[in-house]
Amino acid sequence: MNLEAAGSKGPELLFQATSEEMVYVYQGVPYPYGTVLANDIFSSGILMSDTDFRQFDQYLRTPGIDMAVVGHSYFYHSTRDVVENIEPGVAQHFGENVLSLMKQMTSRPRKANGEYENDSLMQRIRKFEETLPDQDQLNSKDSPKSTSSASSAATLPVANTSPFASAGKGGQQHSRRPDLVFFTLFGMKPLVYSGLTAKILYTVWALFCSFMTAVSLRKQTDNPASEKAAKSTSTSSNGGTHLTIRLVIGSMASIIFSLIRSILYANGVAFIMRTVLSKQLSWFAGEWRPVALYASPVLLGLISPPFKFLIPRSAPDAVCERALVHGALLLNAFLAVAIQLAGIGSAVMPLLISLGVGSGVASGIFLEWLFKGLGEARRVHAVVYLIGSILPLAAGVELAVGTLDVFVPLTGRMPPFVPAEHIIATLVAVFLYIPLPLLPALAYRVPFSGTTGSHSIANRANLRQLLRLGCVLAIAWFAFLSGWGSWPFDPMHPKRIFVSLSESLPSGEIGVHVAGMDGAAGFPALVQGLSHVAGAFNQKNATNGGIQVPEKIEFHQWNSNWGPFHPLGALLDHYSLVSLPNLTPGGELWRENQSFGVIVVDDRLDDGAGTRSLKLEMRHTGVIWTMLEFDAHVLSWSIDDSPPDGYTRHRIKEASFYGTNTWTLDITIGLDPDVHESMQRPSGALTPRNEAGRGALHLTYSGMVEKEMWPGKKWQWEEEKNVRARQGIPEPEGTVMEFFERISTWMEKEKSGSTDLFMMHTIVKDIVI
């Protein structure tokens, strides 16, 4: 059981599972909350995120489940991610579920006769796994494939020896997901069933929906009111049947086009916000704000009239309305079948929509039969909309709440080049359709008065005009009137800002580099203000403030100022302040002789093979997150993964245990690599591989000074200041931590606590071996 917390509020979410048994056991926890949709989304890799669960899944081949608190993830990996900001009850809720799982897994089940089983569920799984063949045998064509639920753990073996003993041990992430469908609604006991059961049930339900559609629509198209439309469709006696088929196919296509149109309208508003007005992320400080911004264009797309070639205008409004109701039913029913046949458990969502709509349709058919109305071309009964909307609305709202809880904070932290505005607009369009599948049909009668169709169309046109006005007002509010467009952050939803004070060795030249994590407005002005603070701190230029204009930097693969932040550094919005400030050198451990650098332990040149083999040792006392970067054609190295082919840029980052001050790398490189033009540096020159002789290796190594990062070492710095004050030792001026404190104080005052600031002292050195 892997326990995670990307957020600080709300229930814990079951979002990954590789054990069928544990998913069934999860049904018995006191506060279940999980869905196969979360499992499918996370395993798809779309979130570009991972958890420690991968280590057990990929390397130990251990079955399990992964659970996390995901509500209000705005504080994730920030200075506000502290105990005081965890919602009361979250830990208790999590703990009770975990304790229940542990008890169920380790307790011996009781038999009907009152006696207990000899083994617990966990023991039975382990004994079963120990009899399994090796993973390679399981993957072979001749190995038997288990299909029964009782033996499904056969695909979840636990290695009896070290998984690192030989190549190929362990599968890829999530390669052993059980074929299960599970979901919870309203906090009830999770419903769990196998993928095979889902395929059978979904298919039977889709066929039954087809039968209800045939009964209801056939009666409508046989009416005299529909004869004109039938004749325009077919001159044969089967005109009613042809019209029914055409209406069914056309209504399903019309609903698809309505959803596409909603997505396009919402993305049109997103284009205005992001590209035209440069006001993206105005919704960031609230998970439901995107709905307020994009609801009007989405609803406008859903209620717009269908295309003429899909639903004939000659058909009465009552028939068209009924066709769209059944189109929503059949579309979602058969969509569930198709998705489940593809092995995707998230097919349960269109199934729930079709179950809700289907229950409404069945109620309508019953009422019409009861009152002998099946032979009349009448409107869809209001009961159909009432009953047919209950389940989609409930399931859709619960799904939207969970999805927006995750995606709004996450999308708001995406790099500036990622179209975050369009991602959120598309999500809102999809998750507004799910609870409102009957809205396209309802548009045929809301508002409706009189007996002529023209009056109804005029009213629907007025409704569309109101929604267009809603789009304009939403844009005006979010972009200008609310102030969110200029600065969408607040103390509960802060902007993440990073500062790298980069020191080049051995020259000692220092530069301040600032980066943001998103594309929201207001960052350039903030950087400009920060440059004034940095300039004023420069003691040599105190008379004029030492102010320099910030320079926006296009990040490239040879930029080493953010080495310890790799790979995040390449995703940030960068600005640079060069030669600032003039800081007082400290007595850090890394400044001592040979405590930070690369030592060549072994160096062998093989002219015959055209290779050079080196053993490098990185020493980094007092320096963490060290990075080694170089351009070469690496033939082999001592890293688990095989090196990329050809001459390219390599970055090797260390994340060792605290107190580990050395690490080594064995590499063999080609002496005469073929250098592609893509390896051309921004200066215009190719990588200087021939400057120091054949096979020379140009290394850049960097790291973060462990004692000089803010706010992580603020407490230690303040303690040392207090000790010096008590001992009467003068406080050194112009130190790195003093500079960080000055920046932090200004930022807090300037933005009223709406920023989350991380600052580090980076040291960088270039050498040629």
Side-chain angles (χ1 to χ4, degrees), residues 58-59 162-170 504-506 556-560 563-564 566-567 570 590 593-621 623-657 659-681 683 685-704 763-769:
Q58 181 171 342
Y59 295 110
S162 169
F164 307 102
S166 62
K169 285 289 185 181
S504 299
L505 302 177
H556 56 77
Q557 59 180 330
W558 291 280
N559 188 323
S560 56
H566 179 79
W590 65 269
N593 188 33
Q594 292 188 340
S595 61
F596 178 65
V598 175
I599 306 299
V600 180
V601 179
D602 188 23
D603 188 355
R604 289 172 291 170
L605 191 68
D606 188 338
D607 282 319
T611 62
R612 184 186 183 189
S613 299
L614 300 115
K615 185 179 186 67
L616 306 178
E617 181 180 285
M618 167 68 83
R619 299 180 182 180
H620 56 98
T621 304
V623 181
I624 60 175
W625 290 7
T626 52
M627 168 79 83
L628 187 62
E629 303 176 67
F630 56 92
D631 299 325
H633 180 190
V634 178
L635 303 176
S636 64
W637 57 16
S638 55
I639 301 176
D640 292 342
D641 297 329
S642 299
D645 292 332
Y647 187 88
T648 187
R649 185 71 170 172
H650 301 277
R651 302 171 189 84
I652 302 173
K653 182 179 178 181
E654 140 312 298
S656 57
F657 291 101
T660 300
N661 300 320
T662 61
W663 57 277
T664 60
L665 173 69
D666 297 323
I667 58 171
T668 298
I669 62 174
L671 295 179
D672 302 298
D674 182 16
V675 182
H676 192 267
E677 291 182 359
S678 62
M679 291 299 295
Q680 185 171 336
R681 289 174 178 262
S683 62
L686 292 175
T687 304
R689 58 189 176 90
N690 297 319
E691 293 179 1
R694 185 167 176 247
L697 191 64
H698 186 166
L699 294 175
T700 300
Y701 58 92
S702 59
M704 182 193 306
I763 47 180
V764 184
K765 188 171 183 178
D766 290 317
I767 62 173
V768 177
I769 299 176

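Evaluation of the salt bridge (charged side-chain N to carboxylate O under 4.0 Å, His left out) rule for D602 yields R604 as partners, not counting sequence neighbours. With sequence neighbours left out, the side chain to side chain contact (heavy atoms under 4.5 Å, CB included) criterion links S642 to no other residue. Scanning for side chain to side chain contact (heavy atoms under 4.5 Å, CB included) contacts around T668 gives T611, S613, L635, S636, with sequence neighbours left out. Scored by the side chain to side chain contact (heavy atoms under 4.5 Å, CB included) test, I624 finds M704, E706, M709 as partners (sequence neighbours excluded). Partners of D607 according to the salt bridge (charged side-chain N to carboxylate O under 4.0 Å, His left out) rule, which considers only residues two or more places apart in sequence or in another chain, are R694. With sequence neighbours excluded, the residues satisfying side chain to side chain contact (heavy atoms under 4.5 Å, CB included) with N661 are T621. Listed by chain and residue number, nothing satisfies the side chain to side chain donor-acceptor pair (under 3.5 Å) test with D606 (two or more places apart in sequence, or in another chain). Annotation: ring pair (Phe, Tyr, Trp, His ring centres under 6.0 Å) contacts of H650 (sequence neighbours excluded): F630, W637. Residues meeting the salt bridge (charged side-chain N to carboxylate O under 4.0 Å, His left out) test with D666, sequence neighbours left out: K615.
When each of L628, T626, L505 is checked for a side chain to side chain contact (heavy atoms under 4.5 Å, CB included) with Y701, only L628 meets the rule.
What you find for H633 and Y647 is that their closest heavy atoms are N-CD1, 3.7 Å. Smallest separation of non-hydrogen atoms from S560 and V764: OG-CG1, 3.3 Å. Across every non-hydrogen atom of G563 and M627, the tightest pair is O-CE, 3.2 Å.
L614 contributes atom CG, which lies 8.5 Å from atom CG of L699 (distance to the nearest 0.5 angstrom). Remark: E629 CD to H566 NE2 distance equals 8.0 Å, nearest 0.5 Å. In this structure, OG1 in T648 is found 7.5 Å from CG in D631, a value given to the nearest 0.5 Å. From F596, atom CZ reaches atom CZ of R619 across 13.0 Å, with rounding to the nearest 0.5 Å.
With 3.5 Å as the limit, one finds no donor-acceptor pair spanning the side chains of T662 and E617.
Using a 4.5 Å heavy-atom cutoff, the side chains of L665 and M618 are not in contact. A heavy-atom distance below 4.5 Å is found between the side chains of I769 and R612. Annotation: side chain of V768 is not in contact with side chain of L697 (no heavy-atom distance under 4.5 Å).
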(request) Verify side-chain contact (heavy atoms from CB on, under 4.5 Å) between L616 and V600, making sure each step is shown before the conclusion. (result) CA-CA 5 Å; L616 306 178; V600 180; 4.0 Å; yes
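The backbone N or O of P564 lies less than 3.5 Å from a partner atom in the side chain of K653, making a donor-acceptor pair. Although no hydrogens or angles enter the test, the distance criterion places no donor-acceptor pair under 3.5 Å between the side chain of R651 and the main chain of P567.
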